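Encoded as structure tokens, the structure appears first; notes follow it.
Here is how names work: the chains are called A, B, and so on, in the same order as the sequence lines, proteins then strands, and each is numbered from 1. Model, not experiment: these values are computed from the prediction.
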2 protein chains.
Amino acid sequence: MSADPEWRTVRRVRTHEQVLIQIQERILNGQLRIGDRLPSERELVQVLGVSRNSVREALRVLEAMGIIDAHTGSGRDAGSTVAGRSTDALSNLLRLHMALAQFRLGDLVDVRIELERLAVRQASAEADPAELTQLRSLTEAMTRPGLDHERFHELDSEFHIRLARASHNALAADLMQALRDAVKNEMLAAFARVHDWDAAVASLTAEHLAILTAVEAGQGDEAETLVARHIRAFYDSVGGESPSSD
Amino acid sequence: MSADPEWRTVRRVRTHEQVLIQIQERILNGQLRIGDRLPSERELVQVLGVSRNSVREALRVLEAMGIIDAHTGSGRDAGSTVAGRSTDALSNLLRLHMALAQFRLGDLVDVRIELERLAVRQASAEADPAELTQLRSLTEAMTRPGLDHERFHELDSEFHIRLARASHNALAADLMQALRDAVKNEMLAAFARVHDWDAAVASLTAEHLAILTAVEAGQGDEAETLVARHIRAFYDSVGGESPSSD
DNA sequence: TTCCTCTATGTGGTAGGACCATAGGGCTGG
DNA sequence: CCAGCCCTATGGTCCTACCACATAGAGGAA
């Protein structure tokens, strides 16, 4: 009596999910674009025939996904507008699932390496001078002596993310940034395990410089090799085998 | 009077965000693990000193992120439990941001190729016999004549996703699945543009078989080359240059 | 005793109302 | 003309009530 195809279990769809679905449909079929304003919460209550609670739950979810922004007040910015802030939402999502051990750190490193390779390869072909100039000044900033872990990580992240942006592949760049955000704490912990910090900084910075030089010269293959080695080397040296807790 | 370091603009943190933060903290530092039950909504109201609305908005966000599941009733499943359903949330997020044109289809294809390469390379080294058997039966299912677009896409997706799972890199597999979900409609549209459907199915299936054979033989490099060509060829043949609307 | 049924209780789900904080717009008085 | 005030629309929060659901336990029937 279980496999009877005549009967299908009813799927209970909560109200706020139905609201969510209707808004998502309008985004997916292009009726709602970035910058558009949604009706006010109270208007949605009227047109959808649901409570304001349900409307708000749907809007809060969309906001957490970076799909909409909400502002109080009247005129212009007020109300909910379609946004498109993908990066933060992606980071948050990955970080939490990382914490839930859905993903191993090693897995993430492997994925990151592939993304970095894609990034430098395409950056070698597509980066424009302004972007390269910014990258170069970043590598210089990293040579400044006395950088602490936090600050160095910041510059390091910015270098890799800007490199990804320079590839003009927005998805790769967003994913890269999200992955880096998601493992920031692990990275800082790894920094803390480094024996000779100054030497590590020097060699990492030198590697950055070499990668950037290859990108500037349009040598995509060389840049790929260098960036893969750059990441793998660091991870192998301090990444540790302990996959887990505390 | 604007750059005075003594004064910093206050950051308004809405209450439901504070609830969100507290729960996220407990996940990030390991206090909450998959399977754990959260206090009931009414209990959280008490201990946090906020309204049930705010609690619910936070929980709905977490649920949409695949972090928790919620069930009514009493005992066992009832209440909110920590879950870890990363895939659906990731797909949804990417699909919406794709629709908002945050990402170009070409960008996504490039990323997908890198992930597929990683997947087949590691699957060549790590896949176990059971997984390979399943993959092979999938390729056989795809040779069945008369498959419509929808059904073929389903099998095609399952092949690639199972291949990724066989690499034992959960992050890569999840991302792959999310990317495929996000562009399902574009894929079906591409199928509709194919002139000789039967011939296309035949060649795609043959390519799958070749990839799988390379993976079974542990020839990672060969599999990488084949899978990259497989995706690129299809996209170039029917992907079209039109990046956009309607 | 055993089994069934009904009830109590605890859970999330929904609704509606009230009020607050904010940010423009418009009016009013100087 | 302008400064200041009030009005209004928006999201933000809280509260209360009630519904739907699922289990556990009490109580009755065989």
query: Does R14(B) get its side chain close enough to the base of dG11(D), under 3.5 Å, for a donor-acceptor pair?
result: no
Separation of dC19(D) P from H16(A) NE2 (nearest whole Å): 22 Å
message: Closer than 4.0 angstrom, basic N to acidic O: yes or no for E57(B) and R52(A)?
response: no
Nearest-angstrom distance from the residue atom CG of L59(B) to C1' of dT14(C): 16 Å
query: Does some side-chain heavy atom of R104(A) sit less than 4.5 Å from a side-chain heavy atom of N169(B)?
result: no
- request: Nearest whole angstrom, please: distance from the P of dT10(D) to the CD of E43(A).
  value: 6 Å
- request: Classify the side chain of R52(A) versus the base of dG12(D) as yes if they form a donor-acceptor pair under 3.5 Å and no if they do not.
  value: yes
- prompt: Which residues satisfy the salt bridge (charged side-chain N to carboxylate O under 4.0 Å, His left out) test with E140(B), sequence neighbours excluded?
  reply: none
Polar atoms only, N or O, under 3.5 Å: list the protein pairs with nucleotides 5-7 of chain C and their distances.
none

- prompt: Counting side-chain heavy atoms from C-beta on, which of dT11(C), dG12(C), dC15(D) comes nearest to R37(B)?
  reply: dT11(C)
message: Measure CG/D69(B) against C1'/dT11(C) and give the value in whole Å, please.
response: 15 Å
query: Has the side chain of R76(A) got a donor or acceptor that lies under 3.5 Å from a partner of the other kind on the base of dG24(C)?
result: no
- line: Considering only heavy side-chain atoms of S80(A), the closest of dC15(D), dG11(D), dG13(C) is dG11(D)
field: Position toward the 5' end of DNA chain C (nearest nucleotide), V50(A) or R42(A)
entry: V50(A)
- request: Could you tell me whether E17(A) and R12(A) make a salt bridge, using a distance below 4.0 angstrom between a side-chain N and a carboxylate O?
  value: no
